[in-house]
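Notes for the one structure printed next.
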Amino acid sequence: MGLLIKNGKVINADRSFNADVYCEDGKIVKVGHNIDIASDTEVIDAKGSYIMPGGIDPHTHMQLPFMGTEAIDDFESGTAAALAGGTTSIIDFVIPGADDSLLDAYKTWSDWASKSCCDYTFHVAVTKWTDNTAKEMETLVKEHGVNSFKHFMAYKGAMMCDDEVLYNSFEKAKELGAIVSIHAENGELVDRLQKKIKAAGITGPEGHPQSRPPEIEGEAANRGIQIALTVGVPLYVVHTSCIPALQAITRARTAGQTVYGEVLSQHLVIDESVYYNKDWRFAAHHVMSPPFRAKEHQAALWAGLKGGMLQTTATDNCTFCTEQKEMGKDDFTKIPNGTNGVEDRLSVIWEHGVNTGRLTPNEFVAVTSTNTAKIFNMYPKKGVIVEGADADIVVWDPNNTRTISAKTHRQKVDFNIYEGMECKGNAIYTISRGVVRYAKGELKAVSGSGKYFKRAPFSEDFKAMQRWYELNGPEKVSR
Ligand code: URP
Ligand code: ZN
Ligand code: ZN
């Protein structure tokens, strides 16, 4: 049975136009007017609403084993929540445990993710370098459709990479045509500051931002960028939260290097005052890395998004309930790091981006969907309303209003960092590969209906960077 969405306005990253959209067998089959349909076609009247590509969240951690516990939202509850908010694809991170190989970890994540309600794919984290790592990266690219490898420059003693691992992995990724990404915080400096702050008697959540100041992120972002330049591989900087990291990305981009920046919806709208709240539970629920920053960083991040220095918005969704956060009651370094976001990203970016005039609706689509699809080589299968694309669609009512609350959200976590935020502009229908999975408040998510999708290496941007590197080389690029 087909699905027709009629009377709406299609908003793509490049333009907007009035058209009906007809979907069949999971694909967008026709975009136009007066489309002939069979009598059993399901019809959605989108009058007054926008028809946009479903959101793609390039950064989630469903069910992640982390800091002695496990993220409470798994691939089922997390992806169901994503659909409720208009997100139709996620890119989650495969992160090997200390003794796991990359392929072991990939298998584990594949098993967990088989209960997903929306489509998904994986970045794979390289956390150590063994005799087998290069071969395993090759297998992941050639057999499993992985085209992105992640590197944590923080979390000393756990998944932190030193420069040797970064160099080895970046070299191999370049050979394979895969993009590399970094969590940019200098883990050694974080460790030193944590010890210093604890020695000064600080045990509460305020110690978290104090031990992770912006310069620690700026240093790591710049180092990762310079290593990527030395090797000649495209780089994606995840969760850019502050001016020094944004400046490092801006310098590299304006010098011609292929570097991308991601920003979290959280960092755009929440500032560091949350860590000084007298309610320990409230403050602890905001502990994530990098931490929330002083307000001037938010203004810079919005400008970076508008100005094209940052291309994507994500959530880093990694949720822990209060009793899990309480593992750090007497020591802020033991509070599991992470917050919610996957359900609310689109509404929050619309409210604070489009409704404030910071972003046009087309730019909104670019930063919530299309740019991610392009950077990770899944465009135009995802990220655009066009004939032949996957029928991943959000019908968006710019006048629909809702107030975000943990009492009503779909995630399992018992706290919402956006509690009480009123958002005008929300998903009213979410369609995943041609099937309505959310309709006007009713969630119809089905565990296991989400599909893994492969991503080919050597995107056009990757090939361009290779050519640029051959012609320019790192020594010819001034800083
Ligand atoms: O605090 C965070 N961000 N938790 C998830 C792991 C990571 O660093 O991305
Ligand atoms: Zn991170
Ligand atoms: Zn993360």
Side-chain angles (χ1 to χ4, degrees), residues 57-74 78 90-97 105 109 120-127 148-161 166 180-187 190-191 194 205 207-209 211-212 214 216-217 220-221 224 235-242 245 260-268 270 272 274-275 283-293 312-321 324-325 327-328 332-342 345 372 376 411 413 415 417:
D57 190 335
H59 187 157
T60 66
H61 301 282
M62 303 304 173
Q63 202 173 329
L64 177 67
F66 191 42
M67 295 183 73
T69 183
E70 190 172 279
I72 185 75
D73 278 292
D74 58 14
I90 61 166
I91 315 183
D92 205 87
F93 289 84
V94 171
I95 305 179
W109 256 259
Y120 60 96
T121 185
F122 296 131
H123 309 287
V124 176
V126 175
T127 54
S148 49
F149 292 96
K150 165 81 176 286
H151 306 80
F152 288 92
M153 298 171 80
Y155 305 123
K156 187 180 173 194
M159 50 222 200
M160 182 171 113
C161 293
L166 292 177
V180 295
S181 69
I182 49 169
H183 167 133
E185 284 185 301
N186 182 318
V190 171
D191 186 58
Q194 284 179 334
H208 183 69
S211 60
R212 306 179 100 102
I216 279 181
E217 186 180 338
L235 176 75
Y236 180 89
V237 182
V238 307
H239 50 41
T240 307
S241 77
C242 63
Y260 307 103
E262 169 192 282
V263 60
L264 306 185
S265 40
Q266 295 93 304
H267 284 128
L268 287 166
I270 295 173
E272 67 176 356
V274 291
Y275 297 115
H285 268 293
H286 288 85
V287 167
M288 66 164 301
S289 297
F292 296 111
R293 306 294 192 187
T312 65
T313 59
T315 65
D316 201 1
N317 195 89
C318 188
T319 51
F320 300 101
C321 282
Q324 296 173 289
K325 290 279 182 182
M327 292 165 66
F332 67 87
T333 66
K334 296 196 166 57
I335 301 172
N337 286 204
T339 69
N340 67 289
V342 74
R345 176 179 62 125
T372 290
F376 295 105
Q411 298 199 241
V413 67
F415 188 89
I417 54 165

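Order of listing sets the numbers, starting from 1, for every ligand and every atom in it. Note that the structure is a prediction, hence the values are computed from the model and not measured.
Residues satisfying the side chain to side chain donor-acceptor pair (under 3.5 Å) test with H239, not counting sequence neighbours, are H183. For the ring-ring contact (aromatic ring centres under 6.0 Å, His included) test, residues two or more places apart in sequence or in another chain that qualify with H267 are F292.
The contact shell of ligand 1, taken as protein residues with any non-hydrogen atom closer than 4.0 angstrom, comprises H59, H61, F66, F152, Y155, H183, H239, M288, S289, D316, C318, N337, G338.
In this structure, H61 and H59 have perpendicular ring planes: the angle between them is above 60°, well past the 30° mark. Taking the six-membered ring for Trp and thresholds of 30 and 60 degrees, F376 and H123 have ring planes more than 60 degrees apart, a perpendicular arrangement.
No hydrogens or angles considered: a donor-acceptor pair under 3.5 Å links the side chains of S241 and R293. A side-chain N or O of Y236 and one of T312 form a donor-acceptor pair less than 3.5 Å apart.
Around the Zn ion (ligand 2), the protein atoms of type N, O or S that sit closer than 2.8 Å are H183 ND1, H239 NE2.
Side-chain rings of Y155 and F66 approach one another, their centers coming within less than 6.0 Å.
The line from OH of Y120 to CD1 of I90 is 9.0 Å long, rounded to the nearest 0.5 Å.
Side-chain atoms of N186 never come within 3.5 Å of backbone atoms of I216 as a donor-acceptor pair (strictly under, hydrogens ignored).
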